[in-house]
Amino acid sequence: KLLVQMHWFRAVDVEAVLAARPVDAKAATTRKEADKEKIDGFVEAMPGGFETLNATITKAIQEAAAAIAEQFSASEIRLPGKSGLTAHDAAVVAEIVKSNTSVTKVSLMSNEEIGDEGAKALAEALKVNATVKTLYLNGCGIGDDGAAALAEALRSNTSLTTLGLYFVYDYINDSIGEQGKQLLRDAVAGRQGFQLYV
């Protein structure tokens with residue numbers, strides 16, 4: 001989750017950010033003061049207390065930042081299936097895709113919570129991206145609204161050559177209706193070699 005929620009630009013400069021604002025879990029706030037006192041008590045009772053917690057959080061941020069920086073310079077963004085990615089996470093990936101010129105393949109398969117809103121965010125990214133060739137959103141709970149947004153993006157995007165939207169297990173999409181499928185087919189009609197799996 002941390003990997004997709006951290007903007008790539010901050011990931012590149014994470015050491016400077018952490019130097020300027022070190023992790024201080026004790027300074028964290030809660031909605032209820034009683035909760036804060038209880039949590040602080042648990043942490044203080046743990047071996048190493050807040051010092052160990054701060055070091056653990058810092059290490060997690062550094063590792064996530066390194067992974068993001070590597071992804072940003074890599075040719076593929078591949079996030080694990082069934083990892084609970086949501087429409088918000090897809091929107092974060094879309095922001096990376098908007099400004100990235102090295103990624104040619106994006107795979108977010110088997111994350112049903114991405115849905116139409118996540119598909120719309122990715123469609124907006126496709127309108128300005130000219131390097132992504134393959135996009136796999138199989139099993140992501142995308143329906144007709146998401147399909148329509150992707151179809152619209154495909155009318156202006158000429159770099160994409162493969163789009164996967166089918167349900168992962170039986171290779172049939174049970175979320176996109178015939179109207180949505182037809183919009184996608186029409187959008188890529190005449191594009192020789194385009195692989196549309198819907």
Side-chain angles (χ1 to χ4, degrees), residues 1 3-9 11 67-68 70-198:
K1 278 289 211 181
L3 185 142
V4 295
Q5 289 175 353
M6 183 185 295
H7 191 280
W8 74 270
F9 186 74
I68 292 165
E70 182 182 336
Q71 285 279 16
F72 193 75
S73 62
S75 63
E76 180 176 349
I77 296 175
R78 184 185 201 107
L79 297 172
K82 296 192 175 183
S83 57
L85 298 181
T86 65
H88 169 76
D89 301 318
V92 173
V93 171
E95 286 303 312
I96 293 171
V97 169
K98 279 182 183 177
S99 52
N100 187 293
T101 57
S102 61
V103 170
T104 59
K105 182 177 182 179
V106 177
S107 177
L108 307 177
M109 293 195 298
S110 298
N111 284 287
E112 294 177 12
E113 296 302 311
I114 287 175
D116 285 337
E117 293 308 309
K120 289 175 185 177
L122 290 162
E124 288 303 309
L126 288 177
K127 289 178 182 178
V128 296
N129 178 283
T131 55
V132 173
K133 297 185 182 318
T134 303
L135 176 60
Y136 288 128
L137 297 173
N138 311 30
C140 287
I142 296 167
D144 286 339
D145 287 348
L150 289 166
E152 181 186 338
L154 286 172
R155 294 190 186 283
S156 58
N157 176 293
T158 56
S159 62
L160 201 72
T161 58
T162 303
L163 177 60
L165 292 166
Y166 54 74
F167 186 67
V168 176
Y169 304 108
D170 59 8
Y171 302 98
I172 298 171
N173 188 296
D174 58 358
S175 299
I176 300 176
E178 194 51 46
Q179 183 179 1
K181 291 177 185 179
Q182 193 58 52
L183 286 172
L184 289 162
R185 291 185 196 113
D186 291 345
V188 297
R191 287 175 64 170
Q192 192 171 4
F194 193 98
Q195 296 178 300
L196 176 64
Y197 303 103
V198 66

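- Open room surrounds CD on Gln179; 12 or fewer heavy atoms of other groups in view lie less than 6.0 Å from it.
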Name each donor-acceptor pair under 3.5 Å that joins a side chain in residues 140-147 to protein atoms two or more places apart or in another chain, with its distance.
from   : atom 1 : to     : atom 2 : distance (Å)
Asp144 : OD1    : Gly177 : N      : 2.7

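- You'll find the side chain of Leu163 stays beyond 4.5 Å of the side chain of Val188, heavy atoms only.
- Contact check for Val103 versus Ile96: no side-chain heavy atoms found under the 4.5 Å cut-off.
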Atom pairs and distances, donor-acceptor, side-chain atoms in residues 191-198, under 3.5 Å, two or more places apart:
from   : atom 1 : to     : atom 2 : distance (Å)
Arg191 : NH1    : Leu154 : O      : 2.9
Arg191 : NH1    : Asn157 : O      : 2.9
Arg191 : NH2    : Asn157 : O      : 3.4
Arg191 : NH2    : Leu160 : O      : 2.6
Gln195 : OE1    : Thr162 : OG1    : 3.2
Gln195 : NE2    : Tyr197 : OH     : 3.1

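- A donor-acceptor pair is defined here as one N or O able to donate and one able to accept, closer than 3.5 Å; such a pair exists between the side chain of Asn111 and the backbone of Gly84.
- Of the inter-residue distances, the one linking Ile176 atom CD1 with Leu150 atom CG reads 7.5 Å to the nearest 0.5 angstrom.
- Across all their heavy atoms, Ala90 and Gly118 have their closest contact at CB-CA, 3.8 Å.
- Residues passing the salt bridge (charged side-chain N to carboxylate O under 4.0 Å, His left out) test with Lys127 are Glu124, Glu152, sequence neighbours excluded.
- Closest of all the heavy-atom pairs between Ala151 and Ala187 is O-CB, 3.4 Å.
- Here the side chain of Ser159 pairs no donor or acceptor atom with the backbone of Lys133 at under 3.5 angstrom.
- Separating the CG atom in Leu135 from the CE atom in Met109 is a distance of 11.0 Å, to the nearest 0.5 Å.
- In terms of heavy-atom proximity, Ala149 sits nearest to Ala123 at O-CB, 3.4 Å.
- In this structure, Ile114 and Asp89 have side chains that are not in contact, with every pair of non-hydrogen atoms separated by 4.5 Å or more.
- Atom NZ of Lys105 sits about 14.5 Å away from atom OG1 of Thr131, to the nearest 0.5 Å.
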